[in-house]
Novice: 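Here it is, the structure, as structure tokens.
The basis for the numbers below is simple: all heavy atoms, side chains too, and nothing from hydrogens, waters or symmetry mates. We're numbering straight along the sequence, starting at 1.
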Amino acid sequence: MAAAAAASLVPEQKRGRALGMTLGGMSTGTVVGVPLGLIIAEHLDWHATLWFITALGLIAMIGIVIWFPSFPVSAPPSLRQRVAMMTNGRVAAIVGITFMTSIASLGLYTYIATILDNLADIPIVTPYLWAWGIGGVVGSFSIGTLIDRMGRPDLLMAGILAIMALAMFSLPLVLSFSILSFLPFILWGAMGWASQAPQQHELLRLQPDHGAAVVALNSSANYLGSAIGSTLGGDGDASRIGTFPTSVCCRLSNISDHIGTMEDCVIKRKRG
């Protein structure tokens, strides 16, 4: 809902920045919220953390009621329209890329601690989680401007997937270097969070009358891919769990990259 609402409040030429701002808020909340919640729980208790979250939600709700402008909302699509949306070739391709990207990115994220321990005997995970999160904030806030300036979310998505695959492939090679080892995590986080905005932008262009529904479909694919990615890593041989998730996710990222490139070629042919 937030992405569709943000996109509807701005002109089409600023839609990418609106989507990027929404994702930036989510990524910042993820990066800052978890350690802040832990600090509150450590100094008070876990009840205080939940009350803090409740207070923030109440403040946000009041702000929406008072300051959020009204905008036209289309009627929810019927079951037939939803089926037609899901069977649309372009929509299915975009949602499929989101699904496989999520398997690779969020699925591998589940095993950061195991990968660091098995590949480089690194017991402290927190700095790498911070690197991933900071990269996510930078990527999500930056991608919107690139979408608006380039006007080619398909090309941006292909580049995002290529950089993500490179970051994952480089993990076993750079973990032995103290400073350089953080770079793949920064790139991985940046590309993972940045990957949502181009997909949402293109889906909103394809389904302007059912923006909320098509963005919700993409989000569902994102979270389903996260769950399946974690499951795939968990099914790996425990003796090589550090390399199994990495290899699986790198391959899936490469597959998504190839699909994105193929989709770009199809679009060029149609435009030609």
Side-chain angles (χ1 to χ4, degrees), residues 20-39 98-144 146 156-157 159-199 219 222-223 225-234 241-254 256-257:
M21 187 67 68
T22 303
L23 289 170
M26 293 175 60
S27 61
T28 304
T30 302
V31 174
V32 177
V34 174
L36 182 59
L38 291 174
I39 291 171
T98 296
F99 173 69
M100 299 189 73
T101 302
S102 179
I103 291 177
S105 180
L106 297 178
L108 185 61
Y109 179 77
T110 307
Y111 298 96
I112 285 182
T114 306
I115 291 169
L116 290 173
D117 184 41
N118 285 16
L119 292 181
D121 294 322
I122 299 175
I124 302 175
V125 184
T126 305
Y128 295 91
L129 295 178
W130 274 104
W132 187 90
I134 292 170
V137 173
V138 174
S140 53
F141 275 116
S142 302
I143 190 63
L146 291 175
L156 279 173
M157 191 62 187
I160 286 169
L161 293 173
I163 294 173
M164 185 188 296
L166 179 63
M168 291 178 178
F169 271 120
S170 66
L171 281 175
L173 304 176
V174 302
L175 287 179
S176 58
F177 303 95
S178 56
I179 302 300
L180 189 60
S181 63
F182 290 98
L183 182 58
F185 290 91
I186 294 173
L187 291 175
W188 170 16
M191 297 304 104
W193 277 97
S195 65
Q196 288 298 303
Q199 302 292 80
S219 296
N222 183 50
Y223 293 119
S226 172
I228 291 178
S230 300
T231 303
L232 286 174
I241 191 67
T243 58
F244 181 82
T246 310
S247 60
V248 169
C249 293
C250 285
R251 288 170 187 169
L252 288 170
S253 183
N254 277 336
S256 297
D257 192 9

Novice: Between Val138 and Trp193, is there a side-chain heavy-atom distance shorter than 4.5 Å?
Specialist: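 Answer no - side chains too far apart.
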Novice: With a 4.5 Å limit on heavy-atom distance, are the side chains of Leu108 and Ile115 in contact?
Specialist: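 Contact flag for Leu108/Ile115 side chains = yes.
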Novice: Would you say the side-chain atoms of Ser140 pair up with the backbone N or O of Val137, donor to acceptor, closer than 3.5 Å?
Specialist: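 Such a contact is found between Ser140 side chain and Val137 backbone.
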Novice: Looking at every heavy atom in both Gly192 and Ser105, which two are closest together, and how far apart are they?
Specialist: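 Heavy-atom minimum between the residues: CA-OG, 3.9 Å.
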Novice: For a 4.5 angstrom cut-off between non-hydrogen side-chain atoms, does Ser102 reach Tyr223?
Specialist: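 A side-chain contact is absent here, since even the closest heavy-atom pair is not under 4.5 Å.
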Novice: Of all the heavy-atom pairs spanning Ala194 and Ile143, show the shortest one and how long it is.
Specialist: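 Nearest heavy atoms, Ala194 then Ile143: O-CG1, 3.7 Å.
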Novice: So, taking the atom named OG in Ser176 and the one named CD1 in Ile122, what distance separates them when rounded to the nearest 0.5 Å?
Specialist: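 Taking OG in Ser176 and CD1 in Ile122, the distance rounds to 8.5 Å.
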Novice: Determine the minimum heavy-atom distance between Gln199 and Met157, stating which atoms define it.
Specialist: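 Closest heavy-atom pair between Gln199 and Met157: OE1-CG, 3.6 Å.
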Novice: Hey, what do you get for OG (Ser195) to CD1 (Ile163), rounding to the nearest 0.5 Å?
Specialist: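 It comes to 12.0 Å.
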Novice: Of all the heavy-atom pairs spanning Leu175 and Ser181, show the shortest one and how long it is.
Specialist: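 It is CA-CB, 3.8 Å.
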Novice: State, to 0.1 Å, how close Ile124 and Leu116 come at their nearest heavy-atom pair, and which atoms those are.
Specialist: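 Distance-wise, the nearest heavy atoms are O-CD1, 4.5 Å.
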Novice: Kindly compute the distance separating CD1 (Ile160) from CD (Gln196), expressed to the nearest 0.5 Å.
Specialist: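 Those atoms lie 9.5 Å apart.
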Novice: Side chains of Leu106 and Asn222, heavy atoms from C-beta outward: is any pair under 4.5 Å?
Specialist: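 Yes - at least one pair of side-chain heavy atoms lies under 4.5 Å apart.
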Novice: So, for Gly24 and Thr28, which heavy atoms are closest and what is the spacing to 0.1 Å?
Specialist: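 Shortest heavy-atom separation between Gly24 and Thr28 comes out as O-OG1, 2.7 Å.
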Novice: Quick one: list whatever passes ring pair (Phe, Tyr, Trp, His ring centres under 6.0 Å) with Phe141, sequence neighbours left out.
Specialist: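 Ring pair (Phe, Tyr, Trp, His ring centres under 6.0 Å) list for Phe141, sorted by chain: empty.
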Novice: Parallel, tilted or perpendicular, judged at 30° and 60°: which one describes the rings of Tyr128 and Phe182?
Specialist: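 Ring orientation of Tyr128 relative to Phe182: parallel.
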Novice: Less than 4.5 Å apart, side chain to side chain, heavy atoms only: is that true for Phe185 and Leu171?
Specialist: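 Phe185 vs Leu171: side chains touch.
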